[in-house]
Amino acid sequence: MIEVAVLGFGVVGSGIVEVLDKNSAEITRNAGQEIRVKYILDMRDFPGSPYERLLVKDFGIIERDPGVSIVVEAIGGAGQAFDFARRTLSAGKSLVTSNKELVAERGYELLQLAGEKGVNFLFEAAVGGGIPVIRPVAQCLSANKISEIYGILNGTTNYILSEMEKNGAEFSAALADAQKKGYAEQDPTADIEGTDACRKICILSSLAFGKHIYPDFVPAEGITGVTRDDMQFAGSLGYRIKLLGRARAVQDKIAAYVAPHLVSFDNILSGVSGVTNGVTVRGNASGDIVLVGAGAGKLPTASAAVADVIDAVKHMYAKKQISWQNGDKSDTVAPSVLESSWYIRTNAERSKIEREFGEVVFAESAPGATAFKTAVMSGKKVNDILARGINALSLFRVMGDY
Ligand code: HSE
């Protein structure tokens, strides 16, 4: 029998305990032995909870207990969670986490430490919730040279954008609705400003390209500038607006960023709506592989975390190897080098637009507003042209037209 400790009894932590309990027969069969939760660490009390007897407040109890071989971290953040993660691995225990901030900020050093200690450090639940994406990139696609990885990596913003499109809601109304339904946090900053998606594309880039890409290297733009008009104008051009995290190889460097994009109706990701996430991985042998599913939520996230626990059990004596080198800002290039078409909403005259940009495709837009799609050009070039006197009210990259 394997004994595990779960750190944090919030939404994700309680989901992990619930899945381990509810699916114990299947989990025992798949792991080859029983997995039992010995401790749950949380500073809060949960009177009446069926798991009350397992609750502890002192991490030292878990750290010192040689019976606990796997710790599942579901606290979040990179402060106390990092301290517990480091101490778990140092104590020779395997670590499973759903914490994207922890992996994006400290993944390299934790993987190094896990390597030194001969234990597993697994984080399938940190990107894409219940979607298997870490293992496919690290394992199933490992025969490929990956040229690009991009996707809808945040459920909250995808829900908001989908509502804006479907119901013609403005951003603030769609956000309020997402909060009411419990999708968005009361402080939704990390989601709507693109920080959460940034952490996830950092993890995927590190896996795909083998060097730790830190969030500081990756510019992130959220969805607060997307308007209902943009949705409509993009639709008339044949696109939906999606917040994408994207990382693309540019020779031996990586251009990684997060921003709203126009995604063609022909692209599978344009049909990924609501809180669902989707990721496309482009390998030189596999071609495009698209993974779609529940990107957030208690049980989908727990599904991925518990699968990691099972994998850690199965690789207790033959370590499951995920590794990448440390990375540096000089491993990245600014995304402005990447070429694409661009969507621009402006109040400039059509004649001026055509004079400066040459051939463009105009959207069906309302009087007083003009929106159009440019020819393919770099981010630097589009900004140089705009600087000649065209005021862009919205400027979004068009995905795939390159
Ligand atoms: N806030 C995140 C989202 C949760 O909306 O996708 C899952 O990481």
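Counting convention: from 1, in listed order, for ligands and their atoms alike.
- A side-chain donor-acceptor contact under 3.5 Å links T28 to the backbone of S24.
- Ring geometry, F59 versus F84: the interplanar angle falls under 30°, so the pair is classed parallel (tilted spans 30 to 60°).
- Closer than 4.0 angstrom to ligand 1 by heavy atom are K100, N154, G155, T156, D191, D196, K200, G295, A296, sorted by chain and number.
- None of L95, I134, D311 except one satisfies the side-chain contact (heavy atoms from CB on, under 4.5 Å) rule with L122; the exception is D311.
- The number of heavy-atom neighbours closer than 6.0 Å to NZ of K381, taken from other residues, nucleotides and ligands shown, is 12 or below.
- Using a cutoff of 4.0 Å between basic side-chain nitrogens and carboxylate oxygens, E163 and K166 are scored as salt-bridged.
- The shortest distance between side-chain heavy atoms of E165 and R228 does not fall below 4.5 Å.
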